[in-house]
**Q** 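There's a structure below that I have some questions on.
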Amino acid sequence: MGKNLATKILEAHLVEGELIPGKEIAIKIDHTLLQDATGTMAMLEFMAMGAPRAKVELAAQYIDHNLLQTDSKNADDHVFLMTAAQKFGIHLSKPGNGVSHQVHLERFGAPGKVMLGADSHTPTAAGLAMLAIGAGGLDVAMAMAGHPFHLPCPRIWGVKLTGKLPDWVSGKDVILEMLRRHTVKGGVGKIIEYYGPGVETLSATDRGTIGNMGAELGATTSVFPSDHRTREFLEAQGRGECWQPLTADPDAAYDEYDEIDLSALEPLIACPSSPDNVVKVKDVEGVKVDQVIVGSSVNSSFRDLMVVCRILDGKRVAPHVSFNINPGSRQVLENVAAQSGFMSLLLAGAQVHQPGCLGCIGMGQAPGTNQVSLRTFPRNFPGRSGVKNDRVYLCSPETAAAAGIYGVITDPRKLGEFGPCPRVENPQKYLLDDSSIIPPLEDTSGVEIVTGPNIVPFPEFEELPGELTAEVIIKVEDNISTDTIMPAGNRVLPFRSNIPAISQFVFEQIDPDFHKRAKEKGNGVVVGGENYGQGSSREHAALAPRYLGIRAKIAKSFARIHKANLINFGILPLTFENPADYGLVKQGDKVTFKNLRDLIASGAKEIPVQVDGREIVTILEVSERERQDLLAGGTLNYVKKGNL
Ligand code: MIC
């Protein structure tokens, strides 16, 4: 039986363990990706490890999230990251140069490389046949310091693509179809590998879109083969020498299978407020739209913007619609401008913003009260836009453009009344300009790292106690995202390098007093449902609760990155042995863990907990290495003791 591509790449990078699904493995990392919102903390963690220089083949730091400068904080953090990147041999992409995922595809990505990124949408690099995985900042800092990345070996899920996308249907509709079929939990513990004859009908950036939102399925990552479309993209970027062909063996087997006939897809849309709440666009036609945003983390490539330019050419957006463009990179904007797309946008009445994440992470662009916002973003978790009870839909650039013109949700096929679907070819040679990427220095001896007043030292955490008595501070439902646990947005993001300050926002949306109660009680427990902690890679969703005294989270199941982050900061990630016990626990209950240290040190999987006098059994599914991290009170404590 032949091998699939994911297995080939994993094998070439395997440094510990065996490729048996569920068992812990360690893999060598070639590229690391940091963005600024997670990067300040990750850089502090890297500094705490004492490594003199990044030890990976390529390390990149992007400044793409915290772009609004309403006071000195974000600007200070930018200078910190710029000087630290110079000190440690890291490429630095300046504010305004673009979103990490798009710029990495353009300037650094290469087939077959393994990348670890402190952003859950790192798998966008699937578009270039990279195995690119999102992780917490501490894991990325460790990889930058030259350590392999540990993860439970994923199952490989082969998704065969056949046919060709019809007019007015694009990459976004493929991944929305995956979400419709499999929900936000469908990819947990899996790598999604796309194969089959339909693959070559998709460009590198369409593949990037599909890889990006594999994160919304909870997948470890996604991967596409490297073929002539990959070479075409790299050559157009002046980097043809990075190309190599990579594909699964013809008789490759997968742990699971699915198949999508691209020709049968229709325009799809995710309704409020979950990326898997997917319906056909034609089923929600007529809903009045107030805001449209094209671009940001996903669907911000040259093709995505250019298709919107062509659709809007010679038309105006409906008077009541605020139509926004967030280009993925300066390169995208320059190339769109060179092909006169920019003029079509301006004349149509669009607001064109600087390249960056912006509204995708609530950094501006919040919709008004009760307004409907259609976005080509990857996520629409409740409140993420910055507005309580927001009504955010996720769709393709074609569907977004149609809503802009008609002012209501409209199946983009209706645009056929103005002419045929625009065919946008990517340039054979993009206009290239790397002047906003500062390359690493050879001699860094003269570089001083500038730390502004917003950079607060990493908090000290004590080790796991022998026994633990705590109180249930909050109980939440299924699919709670990290946006609910640790909100982002322009009020909160500037505190990413200041844990005492950011901790006051934990669970703010659903329980503004959470932080006070948690601090008051001393030791706390959070109880959750299925897929607890889905969404972003932000380690602050573990670090800030830990700062407030949370020592354990008991859930029906956890999302992959959040579970790893909990362990990194010494919070026990426990699951109910009997999911029905979830119903027995309530906010305010006293919980006691007897012989906790001994149980964990002895390798026990079953951890009994007294909940208001009753005993329930919880399960601790972690590796031996992770047990040591938990005992030490977190990975950094363990590492500081000289264990690596
Ligand atoms: C997101 O899309 O949620 C983010 C913002 O990019 C996050 C990272 C962060 O919270 O800084 C992610 O996806 O990991």
**Q** When you look at NZ of Lys94, are more than 12 heavy atoms from neighbouring residues, nucleotides or ligands closer to it than 6.0 Å?
**A**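 For Lys94, atom NZ is not crowded (no more than 12 foreign heavy atoms under 6.0 Å).
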
**Q** Side chains of Arg517 and Asp511: closer than 4.5 Å at any heavy-atom pair?
**A** yes

**Q** Kindly determine whether Asn498 and Ile455 satisfy side-chain contact (heavy atoms from CB on, under 4.5 Å), including the steps that lead there.
**A** CA-CA 6 Å; Asn498 183 342; Ile455 306 272; over 6 Å; no

**Q** Does NZ or CZ of Arg375 lie under 6.0 Å from the centre of the six-membered ring of Tyr393, at an angle within 45° of the ring axis?
**A**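 Not flagged: Arg375 not positioned over aromatic ring of Tyr393.
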
**Q** Does any non-hydrogen side-chain atom of Ser93 lie less than 4.5 Å from one of Ser100?
**A**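 Ser100 vs Ser93: side chains apart.
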
**Q** Could you report the tightest heavy-atom contact between Ala51 and Ala145, atom names first, then the distance?
**A** CB-CB, 4.0 Å

**Q** Using the ring of Tyr547 (Phe, Tyr or Trp, six-membered ring only), decide whether Lys519 places NZ or CZ under 6.0 Å from its centre and within 45 degrees of its axis.
**A**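 Yes.
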
**Q** Between Asp77 and Pro494, is any pair of side-chain heavy atoms under 4.5 Å apart?
**A**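 No. Closest side-chain heavy atoms not under 4.5 Å.
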
**Q** Can you check whether His515 and Phe505 have ring centres sitting under 6.0 Å from each other?
**A** no

**Q** Would you say His540's side chain and Arg496's backbone share a donor-acceptor pair under 3.5 angstrom?
**A** yes

**Q** For the pair Glu24 (side chain) and Pro152 (backbone), establish whether a donor and an acceptor sit closer than 3.5 Å, ignoring hydrogens and angles.
**A** no

**Q** Test Arg538 against Asp483 for salt bridge (Lys or Arg N to Asp or Glu O under 4.0 Å), laying out the working first.
**A** CA-CA 9 Å; Arg538 64 189 71 143; Asp483 280 302; 2.9 Å; yes

**Q** Near Glu477 CD, under 6.0 Å, is it more than 12 heavy atoms from other residues, nucleotides or ligands?
**A**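 Atom CD in Glu477 is not crowded, with 12 or fewer foreign heavy atoms closer than 6.0 Å.
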
**Q** Mind telling me whether His562 and Phe558 have parallel, tilted or perpendicular rings, with 30° and 60° as the class edges?
**A**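 If you compare the ring of Phe558 with that of His562, the planes turn out tilted.
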
**Q** When rounded to the nearest 0.5 angstrom, what is the spacing between OG1 in Thr40 and NE2 in His65?
**A**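 These two atoms lie 11.5 Å from each other.
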
**Q** Flag the pair Phe569 / Pro545 as yes when at least one side-chain heavy-atom distance between them is below 4.5 Å, and no otherwise.
**A**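 No, side chains not in contact.
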
**Q** Between Thr122 and Ile133, does the side-chain contact (heavy atoms from CB on, under 4.5 Å) criterion hold? Intermediate values first, please.
**A** CA-CA 6 Å; Thr122 302; Ile133 304 176; over 6 Å; no

**Q** Begin with the C-alpha distance, continue with both residues' side-chain angles, and end with the deciding distance and a verdict on side chain to side chain donor-acceptor pair (under 3.5 Å) for Asn568 and Asp629.
**A** CA-CA 7 Å; Asn568 278 346; Asp629 291 341; over 6 Å; no

**Q** Check the side chains of Gln35 and His121 for a donor-acceptor pair under 3.5 angstrom, ignoring hydrogens and angles.
**A**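 Distance-only check fails for His121 and Gln35.
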
**Q** What I'd like to find out is whether the side chain of Leu394 reaches to under 4.5 Å of the side chain of Thr376, using heavy atoms alone.
**A**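 The answer is no, as the side chains (C-beta and beyond) never meet within the 4.5 Å cut-off.
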
**Q** Let me confirm one number: the CZ-CZ distance from Arg551 to Phe461, rounded to the nearest 0.5 Å.
**A**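 With rounding to 0.5 Å, CZ (Arg551) is 9.0 Å from CZ (Phe461).
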
**Q** Between Ala42 and Gly137, which heavy-atom pair has the shortest distance, and what is it?
**A** CB-O, 3.6 Å

**Q** Backbone N or O of Thr482 within a donor-acceptor pair of the Ser536 side chain at under 3.5 Å?
**A**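 No, Ser536 side chain to Thr482 backbone: no donor-acceptor pair under 3.5 Å.
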
**Q** Short question: side chain of Gln291, backbone of Gln365 - any donor-acceptor pair under 3.5 Å?
**A**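 Yes, Gln291 side chain to Gln365 backbone: donor-acceptor pair under 3.5 Å.
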
**Q** What's the spacing between Lys185 NZ and Glu530 CD if we round to 0.5 Å?
**A** 5.0 Å

**Q** So, Arg180 side chain and Ile175 main chain: donor-acceptor pair closer than 3.5 Å or not?
**A**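 No.
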
**Q** Compare all side-chain heavy atoms of Leu543 with those of Phe458 and state whether any distance is below 4.5 angstrom.
**A**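 Yes. Closest side-chain heavy atoms under 4.5 Å.
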
**Q** By the definition side-chain hydrogen bond (donor to acceptor under 3.5 Å, both in side chains), identify the one residue from Thr70, Asp76, Asp71 that meets it with Lys73.
**A** Asp71

**Q** Ignoring hydrogens and angles, state whether a donor on the side chain of Arg379 or Ser385 is under 3.5 Å from an acceptor on the partner side chain.
**A** no

**Q** Sequence neighbours left out, what passes ring pair (Phe, Tyr, Trp, His ring centres under 6.0 Å) with Phe593? Give chain and number order.
**A** none

**Q** For the pair Ser602 (side chain) and Asp598 (backbone), establish whether a donor and an acceptor sit closer than 3.5 Å, ignoring hydrogens and angles.
**A** yes

**Q** Work out which heavy atom in Ala400 is nearest to a heavy atom in Cys395; give both atom names and the distance.
**A** N-SG, 3.8 Å

**Q** Keeping Asp589 on the side-chain end and Val611 on the backbone end, is there a donor-acceptor pair under 3.5 Å?
**A** no

**Q** So, for Ala118 and Leu34, which heavy atoms are closest and what is the spacing to 0.1 Å?
**A**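 Scanning both residues completely, I find the closest heavy atoms to be CB-CD2, 3.7 Å.
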
**Q** Please lay out, stage by stage, how Ile485 and Lys553 fare under the test side-chain contact (heavy atoms from CB on, under 4.5 Å).
**A** CA-CA 12 Å; Ile485 305 170; Lys553 292 198 179 182; 4.1 Å; yes

**Q** Is the backbone of Lys556 close enough, under 3.5 Å, to the side chain of Thr575 for a donor and an acceptor to pair up by distance?
**A** no

**Q** Please step through side-chain contact (heavy atoms from CB on, under 4.5 Å) for the pair Val639 and Met142, ending with a clear verdict.
**A** CA-CA 10 Å; Val639 168; Met142 304 242 303; 3.9 Å; yes

**Q** For His101 and Asp119, indicate whether the former's side chain and the latter's backbone hold a donor-acceptor pair under 3.5 Å.
**A** no

**Q** Can any side-chain N or O of Asn324 pair as donor or acceptor with the backbone N or O of Ser322 at less than 3.5 Å?
**A** yes

**Q** Could you check if a side-chain atom of Met363 sits within less than 4.5 angstrom of a side-chain atom of Asn74, using non-hydrogen atoms only?
**A** yes

**Q** How far does CG of Asn490 sit from CG of Leu68, to the nearest 0.5 angstrom?
**A** 6.0 Å

**Q** What pair of heavy atoms forms the shortest contact from Ala143 to Ile29, and how long is it?
**A**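 Scanning both residues, the minimum pair turns out to be CB-CG1, 4.0 Å.
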
**Q** Take Asp290 and Lys288, measure what salt bridge (Lys or Arg N to Asp or Glu O under 4.0 Å) needs, and give me the verdict at the end.
**A** CA-CA 7 Å; Asp290 305 281; Lys288 180 173 172 252; 3.5 Å; yes

**Q** Any salt bridge between Lys563 and Glu626, counting N to O under 4.0 Å?
**A**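 No salt bridge links Lys563 with Glu626.
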
**Q** Counting heavy atoms not belonging to Glu615, are there more than 12 under 6.0 Å from its CD?
**A**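 Yes.
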
**Q** Are Lys594 and Glu467 close enough, and set up right, to give a salt bridge (Lys or Arg N to Asp or Glu O under 4.0 Å), and what steps lead you there?
**A** CA-CA 5 Å; Lys594 294 220 169 89; Glu467 308 245 320; over 6 Å; no

**Q** Applying side-chain contact (heavy atoms from CB on, under 4.5 Å), can you list everything that pairs with Ala141, at least two apart in sequence or on another chain?
**A**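 In terms of side-chain contact (heavy atoms from CB on, under 4.5 Å), with neighbours along the sequence ignored, Ala141 is linked to Glu45, Phe46, Met49.
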
**Q** Hey, what do you get for CG (Leu493) to CG (Asp36), rounding to the nearest 0.5 Å?
**A**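 So the gap between those two atoms works out to 8.5 Å.
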
**Q** What I want to check is whether the side chains of Asn326 and Ser296 have a donor and an acceptor closer together than 3.5 Å.
**A**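 The answer is no; no qualifying pair exists.
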
**Q** Return the minimal non-hydrogen interatomic distance between Met43 and Ile90, and the atom names on each side.
**A**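 What the structure gives for the nearest pair is CE-CD1, 3.9 Å.
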
**Q** Could you check whether any side-chain heavy atom of Ile474 comes within less than 4.5 Å of a side-chain heavy atom of Ile510, counting everything from C-beta outward?
**A**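 Heavy-atom side-chain distance check passes, below 4.5 Å.
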
**Q** Please round to the nearest 0.5 Å and tell me the distance separating atom CG of Asn277 and atom CG of Asn380.
**A**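 If I round to the nearest 0.5 Å, the distance is 7.5 Å.
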
